[in-house]
K.L.:
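This is the structure I want to talk about, given as structure tokens.
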Amino acid sequence: MNIIDISQVLHNNIPVWPGDTTFSFELSWTKEASGSVNVGKIEMSAHTGTHIDAPFHFDNDGKKVIELDLELYIGPALVVEKKNIQMLSPEHFNDVNFEGVSRILIKTESWIERSEFPTSITALSPDLAPFLAKKGIKLIGVDVPSVDVLDSKELPAHHSLLENDIHILEGIVLDSVKEGIYELVALPLPIKEADGSPVRAVLIER
Ligand SMILES: Nc1ccccc1C(=O)C[C@H](N)C(=O)O
Ligand SMILES: [Zn+2]
Ligand SMILES: [Zn+2]
């Protein structure tokens, strides 16, 4: 089985959303101190690295991570390249064959220097969601930290995706992935109350 890891590595210098909790992993007990084991402690924003957004992230009445259908995050996914575009809209997807897939992963390559949080990214136009919904899409993944422009407060793309029943995967790494159909596995952790969750996202070549 050929597994492509499309997850960002979580480490203490991973860039986070400006002002958000920085990522920290440290040993709260060392083997020497405890006499038996090393024990790690993690502190992080739920939106660091490769992660999913639950609707509750941007809608107080929206579903939390624990309520999300796991089927969304396992199964065929189409990887498409859409480079050098500021705002992706339906016209950019006229060439795409959506047959047999309900998940689409977009390689924008608009976040190249991954050691720093980006200053601008390819975002989604709010009219993309109804278009993708008509094609049967239930999950969209992007290689950037947000589906909206970074300074957006209204989050039109997030809301439009939710209205159209499309779930969001952010911060995937598609640098070495070619266009095509793969099996995606990107399961969120069962964190009760969470508005998002880090995932280990992988593509299995078929
Ligand atoms: N972590 C944050 C902290 C403060 C304000 C926004 C964010 C976000 O993460 C928003 C982004 N659109 C996201 O869903 O990933
Ligand atoms: Zn997020
Ligand atoms: Zn988001």
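These numbers were taken from a predicted model, which means no experiment stands behind them.
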K.L.:
Can you tell me if CD on E99 sees more than 12 non-hydrogen neighbours from other groups inside 6.0 Å?
P.N.:
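Open: at most 12 neighbouring heavy atoms sit under 6.0 Å from CD of E99.
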K.L.:
May I ask you to decide if E109's main-chain N or O and D143's side chain share a donor-acceptor pair within less than 3.5 Å?
P.N.:
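Checked: pair present.
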K.L.:
Just by modelled atom types, is the G49 backbone N or O under 3.5 Å from a matching donor or acceptor in the H51 side chain?
P.N.:
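Yes.
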K.L.:
Taking E81's backbone N and O only, do any of them form a donor-acceptor pair with E179's side chain (distance below 3.5 Å, no angle check)?
P.N.:
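Flag set: sc E179 to bb E81 pair under 3.5 Å.
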K.L.:
Side-chain heavy atoms nearer than 4.5 Å, only ILVMFWY residues, links allowed to pass through others: does that put I74 and V79 together?
P.N.:
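Result: yes, single cluster for both.
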K.L.:
So, taking the atom named OG1 in T22 and the one named CG in N13, what distance separates them when rounded to the nearest 0.5 Å?
P.N.:
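Here the interatomic distance stands at 9.5 Å.
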K.L.:
So, do S120 and S110 sit near enough that their side-chain heavy atoms are less than 4.5 Å apart?
P.N.:
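Contact flag for S120/S110 side chains = no.
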K.L.:
Looking only at heavy atoms, what is the nearest atom pair of S197 and I191, with distance?
P.N.:
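Shortest heavy-atom separation between S197 and I191 comes out as OG-CD1, 4.4 Å.
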K.L.:
Just by distance, do the side chain of T122 and the backbone of I85 share a donor-acceptor pair under 3.5 Å?
P.N.:
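Such a contact is found between T122 side chain and I85 backbone.
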K.L.:
Give a yes-or-no answer on whether the side chains of H158 and D59 include a donor-acceptor pair shorter than 3.5 Å.
P.N.:
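Per modelled atom types, H158 and D59 side chains form no pair under 3.5 Å.
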K.L.:
With the 4.5 Å side-chain cut-off for hydrophobic clustering, are L150 and L161 part of the same group?
P.N.:
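Yes, L150 connects to L161 through the hydrophobic network.
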K.L.:
Looking only at heavy atoms, what is the nearest atom pair of D20 and V16, with distance?
P.N.:
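For D20 and V16, the tightest heavy-atom pair comes out as O-CG2, 3.6 Å.
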K.L.:
Side chains of F98 and L132, heavy atoms from C-beta outward: is any pair under 4.5 Å?
P.N.:
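F98 vs L132: side chains touch.
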K.L.:
Regarding D175 and R114, does a basic nitrogen lie under 4.0 Å from an acidic carboxylate oxygen?
P.N.:
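Yes, charged N to carboxylate O under 4.0 Å.
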K.L.:
Any side-chain heavy atom of L184 sitting closer than 4.5 Å to one from L139?
P.N.:
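In short, these two side chains touch, coming nearer than 4.5 Å.
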K.L.:
Does the side chain of K41 come within less than 4.5 Å of L27's, by heavy atoms?
P.N.:
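No; the side chains remain at least 4.5 Å from each other.
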K.L.:
Please check this pair: side chain of R103 against backbone of L72, looking for a donor-acceptor N/O pair closer than 3.5 Å.
P.N.:
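Checking the backbone N and O of L72 against the side chain of R103, a donor-acceptor pair under 3.5 Å is found.
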K.L.:
Looking at K82, I want to see if its NZ is surrounded by more than 12 non-hydrogen atoms of other residues, nucleotides or ligands under 6.0 Å.
P.N.:
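Yes - once you tally the heavy atoms of other residues, nucleotides and ligands closer than 6.0 Å, there are more than 12.
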K.L.:
Evaluate the side-chain proximity of I181 to V101: yes if any heavy-atom separation is below 4.5 Å, no if none is.
P.N.:
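The answer is yes; the side chains approach within 4.5 Å.
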K.L.:
How long is the span from the CG atom in N12 to the CD atom in E43, to the nearest 0.5 Å?
P.N.:
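Answer rounded to 0.5 Å: 10.5 Å.
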K.L.:
Do V149 and L88 land in one hydrophobic cluster if side-chain heavy atoms of ILVMFWY residues count as linked below 4.5 Å?
P.N.:
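No, V149 does not connect to L88 through the hydrophobic network.
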K.L.:
Applying side-chain contact (heavy atoms from CB on, under 4.5 Å) between I140 and each of I106, L169, L105, report the one that passes.
P.N.:
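With I140 as partner, I106, L169, L105 yield a single side-chain contact (heavy atoms from CB on, under 4.5 Å), made by I106.
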K.L.:
Passes side-chain hydrogen bond (donor to acceptor under 3.5 Å, both in side chains), H167 versus D69? Steps please.
P.N.:
CA-CA 10 Å; H167 289 74; D69 187 355; over 6 Å; no
K.L.:
Would you kindly say whether N38 and T30 are connected by a side-chain donor-acceptor distance under 3.5 Å?
P.N.:
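Looking only at side-chain atoms, T30 and N38 do not form any donor-acceptor pair under 3.5 Å.
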K.L.:
Heavy-atom count around E26 CD within 6.0 Å, excluding the residue itself: above 12?
P.N.:
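Yes, because the 6.0 Å sphere around CD of E26 holds more than 12 heavy atoms from other groups.
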K.L.:
Is the backbone N or O of V177 less than 3.5 Å from a side-chain atom of K107, with the two atoms forming a donor-acceptor pair by type?
P.N.:
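Answer holds: yes.
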K.L.:
Rounded to the nearest 0.5 Å, what separates atom CG in D5 from atom CG in L203?
P.N.:
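Rounded to the nearest 0.5 Å, the CG-CG separation comes out at 9.0 Å.
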K.L.:
Tell me the closest heavy-atom pair linking P188 and L70, and the distance in Å.
P.N.:
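Residues P188 and L70, closest heavy atoms: CD-CD2, 4.3 Å.
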K.L.:
Are any of the side-chain nitrogens in K138 or D165 under 4.0 Å away from the carboxylate oxygens of its partner?
P.N.:
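A salt bridge is present here (some side-chain N lies under 4.0 Å from a carboxylate O).
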K.L.:
Less than 4.5 Å apart, any side-chain heavy atom of S7 and any of I172?
P.N.:
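They are not in contact (no side-chain heavy atoms under 4.5 Å apart), so the answer is no.
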K.L.:
When rounded to the nearest 0.5 angstrom, what distance separates NZ in K63 from CG in L162?
P.N.:
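Answer rounded to 0.5 Å: 10.0 Å.
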K.L.:
When you check the side-chain N and O atoms of E113 and S115, is any donor under 3.5 Å from an acceptor?
P.N.:
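Looking only at side-chain atoms, S115 and E113 do form a donor-acceptor pair, the distance falling under 3.5 Å.
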K.L.:
So which atom in I121 and which in D148 form the shortest heavy-atom distance, rounded to 0.1 Å?
P.N.:
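Result for this residue pair: CD1-O, 3.6 Å.
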K.L.:
Check whether the side chains of D127 and S125 place a donor and an acceptor atom closer than 3.5 Å, and report yes or no.
P.N.:
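Yes, side-chain donor-acceptor contact under 3.5 Å.
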K.L.:
For the pair F56 and D61, evaluate side chain to side chain contact (heavy atoms under 4.5 Å, CB included) and give the outcome as yes or no after the intermediate values.
P.N.:
CA-CA 6 Å; F56 176 62; D61 300 321; over 6 Å; no
K.L.:
Can you tell me how far apart CD1 (I6) and CG (L174) are? Round to the nearest 0.5 Å.
P.N.:
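If we round to the nearest 0.5 Å, I6:CD1 and L174:CG are 5.5 Å apart.
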K.L.:
Under 3.5 Å, is there a donor-acceptor pair between the side chain of D53 and the main chain of E170?
P.N.:
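Checking the backbone N and O of E170 against the side chain of D53, no donor-acceptor pair under 3.5 Å is found.
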K.L.:
Does the ring center of H159 lie less than 6.0 Å from the ring center of F58?
P.N.:
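Judged by ring-centre distance (under 6.0 Å), H159 and F58 do meet the cut-off.
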K.L.:
Does R206 use its side chain to pair, donor to acceptor, with the backbone of Y182 at less than 3.5 Å?
P.N.:
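Between the backbone of Y182 and the side chain of R206 there is no qualifying donor-acceptor contact (under 3.5 Å).
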K.L.:
How many angstroms lie between CD1 in I14 and CZ in F23, if you round to the nearest 0.5 Å?
P.N.:
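These two atoms lie 7.5 Å from each other.
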K.L.:
Hydrophobic clusters here meaning ILVMFWY residues chained together by side-chain heavy-atom distances under 4.5 Å, can you tell me if I168 and V202 are in one?
P.N.:
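No, because I168 and V202 fall into different hydrophobic clusters, even though each may have its own neighbours under 4.5 Å.
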K.L.:
Taking all non-hydrogen atoms of both residues, which atom of L68 and which atom of I52 are closest, and how far apart?
P.N.:
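Minimum heavy-atom contact is CD1-CD1, 3.7 Å.
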K.L.:
State, yes or no, whether a side-chain contact exists between T108 and V142 at a heavy-atom distance under 4.5 Å.
P.N.:
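With C-beta onward as the side chain, the pair stays apart.
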K.L.:
Would one find more than 12 heavy atoms of other residues, nucleotides or ligands at under 6.0 Å from atom CH2 of W17?
P.N.:
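Atom CH2 in W17 is packed in, count exceeds 12.
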K.L.:
Taking Q8's backbone N and O only, do any of them form a donor-acceptor pair with T50's side chain (distance below 3.5 Å, no angle check)?
P.N.:
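Answer holds: yes.
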K.L.:
Can you see which heavy atom on P130 is nearest to which on S160, and at what distance?
P.N.:
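That would be CD-OG, 3.8 Å.
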K.L.:
Could you tell me whether the side chain of P76 reaches within less than 4.5 Å of the side chain of E183, counting heavy atoms only?
P.N.:
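Result yes, sub-4.5 Å side-chain heavy-atom pair found.
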K.L.:
With clusters defined by side-chain heavy atoms of hydrophobic residues (ILVMFWY) lying less than 4.5 Å apart, directly or transitively, does V185 cluster with L78?
P.N.:
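No; V185 is not reachable from L78 via cluster members.
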